[in-house]
Amino acid sequence: MPELPEVETVRRTLKNFIIGKKIFDIQVHYDKIVEGDSHQFIETLKGQTIRDIDRVGKYLIFILDKDAFISHLRMEGKYNLTDAFKPLNKHEHVNFIFSDHSEMRYQDTRKFGRLKLASKDSYRLDLPLSKLGPEPWNADVEQIYQSIHKSRLPIKTLLLDQTILAGIGNIYANEICFRTKINPTTPGNRISRKRIAELVDISSQILSEAIKQGGTTIHSFDSNGISGLFQVNLQVHQQKNCPACQGTIIKKMINGRGSYYCPHCQKKRS
DNA sequence: CTTTCGGCCTGTCAGC
DNA sequence: TGCTGACAGGCCGAAA
């Protein structure tokens with residue numbers, strides 16, 4: 001699934017194609033993708049024109065004339081842009097039909113993603129966006145330190161906590177720990193202010209570099225029009241040898257998520 | 001309160 | 001070859 005840089009790439013790509021398009025109709029083929037009443041979702045949005053697309057953390061927000069809707073891609077959600085002649089594939093669950101006969105289809109193999117109506121005026125203040133922490137480049141280090149230093153959870157798990165910092169997913173959490181040479185299992189309460197400052201800084205750097213490159217692709221993700229453009233430079237995630245010391249990279253489950261690190265370069269001491 | 005765990009879904013891959 | 005179980009970029013809610 002997309003993490004912040006991939007969602008940002010989708011946002012930018014989508015904007016080029018659908019701003020100004022009017023929703024003629026919406027077909028929902030798998031009800032649970034839409035939170036709340038899908039009929040109401042359809043009727044509310046029908047006839048409105050897409051004016052903008054915003055992003056907060058890993059959420060996309062489509063802004064229309066009067067309303068907005070939030071989209072979370074979770075693990076495998078993506079948007080396909082197509083014309084009406086192309087038959088629906090089995091994983092395209094929600095089809096936005098525009099008045100110019102082009103279509104934007106929400107595809108999601110695992111059906112984890114969600115669409116939800118939102119208030120155009122207050123979506124940032126409403127759930128679920130209201131509980132997100134800052135994105136790394138907006139973060140106040142002292143505040144992040146306060147959240148992290150009172151927890152005994154592994155730092156890698158804390159990096160995945162969207163209420164502390166928004167936008168980091170499993171891949172980037174691994175990469176951030178590697179770049180800061182922090183062992184991902186280190187409890188939050190054993191990390192100094194200085195190290196937290198480094199973590200926040202490296203997080204900003206890695207995410208913004210990835211945005212520049214157009215996101216990271218591992219297997220199923222591609223955003224229309226620019227698929228295949230990206231070359232990933234993952235240093236530890238799903239890697240075999242450490243690029244720094246050539247030692248073997250360890251894979252270990254940390255709170256249920258696959259975690260990769262170099263035991264030599266990422267010592268417990270920090 | 002904090003933390004862990006199972007559920008949500010389908011596909012793929014390793015191992016038997 | 002076919003089957004089974006583990007795992008995959010995430011999040012939520014129930015239970016501990």
Side-chain angles (χ1 to χ4, degrees), chain A residues 1-11 28-36 55-60 70-79 88-94 106-116 126-133 135 146-178 184-185 187-189 203 206-207 209-211 213-223 227 230 232-240 250-260:
Chain A
M1 145 13 289
E3 305 183 29
L4 186 152
E6 291 76 19
V7 177
E8 176 61 16
T9 302
V10 171
R11 186 185 75 84
V28 177
H29 298 103
Y30 185 81
D31 237 33
K32 291 165 80 174
I33 297 284
V34 175
E35 275 185 60
R55 181 192 55 71
V56 180
K58 303 177 193 171
Y59 291 84
L60 286 171
I70 297 180
S71 168
H72 197 301
L73 277 34
R74 296 284 182 97
M75 297 290 260
E76 301 196 359
K78 59 182 79 169
Y79 284 98
L88 279 184
N89 77 44
K90 66 187 282 205
H91 299 302
E92 288 173 335
H93 307 301
V94 181
Y106 179 71
Q107 174 177 68
D108 190 341
T109 312
R110 293 172 72 182
K111 301 177 177 166
F112 283 175
R114 293 293 178 263
L115 295 170
K116 183 188 193 331
D126 302 334
L127 287 171
L129 304 194
S130 58
K131 57 179 168 34
L132 294 178
E135 294 174 359
Q146 292 306 325
S147 315
I148 288 178
H149 96 286
K150 61 179 165 51
S151 173
R152 291 173 310 172
L153 287 175
I155 183 59
K156 194 225 163 196
T157 301
L158 295 168
L159 287 172
L160 291 173
D161 183 339
Q162 303 297 302
T163 68
I164 300 177
L165 281 172
I168 299 169
N170 200 41
I171 294 180
Y172 291 116
N174 286 329
E175 295 296 316
I176 290 162
C177 289
F178 178 78
T185 63
N189 63 6
S203 299
I206 289 186
L207 295 190
E209 277 167 27
I211 290 172
Q213 294 168 11
T216 299
T217 301
I218 283 192
H219 81 289
S220 65
F221 180 77
D222 76 59
S223 50
S227 62
F230 336 127
V232 191
N233 47 14
L234 297 177
Q235 316 239 45
V236 274
H237 188 83
Q238 290 184 359
Q239 304 300 302
K240 258 180 61 206
I250 301 279
K251 181 187 182 192
K252 158 175 194 182
M253 297 305 268
I254 300 178
N255 280 53
R257 310 300 303 276
S259 307
Y260 297 79

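Naming convention: chains lettered A, B, ... in sequence-line order (proteins, then strands); numbering from 1 in each chain.
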Atom pair distance, as rounded to whole Å: CZ in A/Arg114 and C1' in C/dC12: 10 Å
Rounded to the nearest Å, what distance is computed from the CD1 atom of residue A/Ile70 to the C1' atom of nucleotide C/dG10? 16 Å
Residues forming a side chain to side chain donor-acceptor pair (under 3.5 Å) with A/Asp126, sequence neighbours excluded: A/Ser122
Pairing residues for A/Gln235 by the side chain to side chain donor-acceptor pair (under 3.5 Å) criterion, not counting sequence neighbours: none
Interatomic distance, A/Met75 CE vs C/dC11 C1' [rounded to whole Å]: 10 Å
Establish, with yes or no, whether the OP1 or OP2 oxygen of C/dG9 is under 4.0 angstrom from a side-chain nitrogen or oxygen of A/Lys78. no
Check the distance between C/dA8's C1' and A/Tyr172's OH and give it to me in whole angstrom. 16 Å
Say we look at B/dT3 and C/dA8: how far apart would their P atoms be, to the nearest angstrom? 23 Å
Once you apply a heavy-atom cut-off of 4.0 Å, does A/Thr157 come out as touching a base, just sugar-phosphate, or nothing? nothing
Can you check the A/Arg257 CZ to C/dC12 P distance for me, whole Å? 13 Å
Grab the two heavy atoms, one from A/Ile70 and one from A/Pro128, that are nearest each other, plus how far apart they are. CD1-CD, 4.1 Å
I'd like to check A/Leu132 versus A/Tyr59 (side-chain heavy atoms, cut-off strictly below 4.5 Å). Are they in contact? yes
For the pair A/Glu135 (side chain) and A/Val56 (backbone), establish whether a donor and an acceptor sit closer than 3.5 Å, ignoring hydrogens and angles. no
Here the distance between atom P of C/dC11 and atom CD of A/Glu76, to the nearest Å, is 14 Å
Once you apply a heavy-atom cut-off of 4.0 Å, does A/Gly258 come out as touching a base, just sugar-phosphate, or nothing? sugar-phosphate
Mapping A/Leu160 and A/Lys251 onto DNA chain C by nearest heavy atom, which one lands closer to the 5' end? A/Lys251
Only residue of A/Tyr30, A/Phe112, A/Tyr79 satisfying ring-ring contact (aromatic ring centres under 6.0 Å, His included) with A/Tyr106 is A/Tyr79
Base, sugar-phosphate or nothing for A/Asp108? Non-hydrogen atoms, less than 4.0 Å. nothing
For a quick check of understanding: with a heavy-atom distance under 4.0 Å over all strands, which category does A/Leu153 fall into, base, sugar-phosphate or nothing? sugar-phosphate
Using the P atom in both, what is the distance from C/dT1 to B/dT10, to the nearest Å? 26 Å
Side chain to side chain contact (heavy atoms under 4.5 Å, CB included) filter on A/Asn170, not counting sequence neighbours, yields A/Lys156, A/Leu160, A/Asn174, A/His237, A/Arg257
Using atom P of each nucleotide, how far apart are B/dC9 and C/dC3 to the nearest Å? 24 Å
With no hydrogens and no angle check, is any side-chain donor or acceptor of A/Glu3 less than 3.5 Å from a backbone partner on A/Ile171? yes
Heavy-atom check, side chain of A/Lys111 versus side chain of A/His93, under 4.5 Å: yes
Taking side chain to side chain contact (heavy atoms under 4.5 Å, CB included) as the definition, give me every residue that meets it alongside A/Arg114, ordered by chain and number, with sequence neighbours left out. A/Ile33, A/Glu35, A/Arg74
Take the protein atom CD1 of A/Ile254 and the nucleotide atom P of C/dG9, then report the distance between them rounded to whole Å. 13 Å
Counting the atoms with a prime plus P, OP1 and OP2 as sugar-phosphate, which does A/Arg152 contact under 4.0 Å by heavy atoms, base, sugar-phosphate, or nothing? sugar-phosphate
Starting at NZ of A/Lys131 and ending at C1' of C/dG10, how long is that distance when rounded to a whole Å? 12 Å
I need the single residue from A/Lys252, A/Lys251, A/Glu175 that forms a side-chain contact (heavy atoms from CB on, under 4.5 Å) with A/Tyr260. Which is it? A/Lys251
Min and max contacting nt of DNA chain B in 5' to 3' order, chain A heavy atoms within under 4.0 angstrom, are B/dT3 to B/dG11
Candidates C/dG10, C/dC12, C/dA8 - which lies nearest the side chain of A/Tyr59: C/dC12
Looking at A/His72, I'd like to know whether one of its side-chain N or O atoms comes within less than 4.0 Å of OP1 or OP2 on C/dG10. no
Side-chain N or O of A/Lys116 closer than 4.0 Å to phosphate OP1/OP2 of C/dC11: no
Could you write out DNA chain B as a dot-bracket string, with dots for unpaired bases, | for bases paired across to another strand, and Watson-Crick or G-U pairs counted at under 3.5 Å? .|||||||.|||||||
Using a cut-off of strictly less than 4.0 Å, decide whether A/Gln162 has a side-chain nitrogen or oxygen near OP1 or OP2 of C/dC11. yes
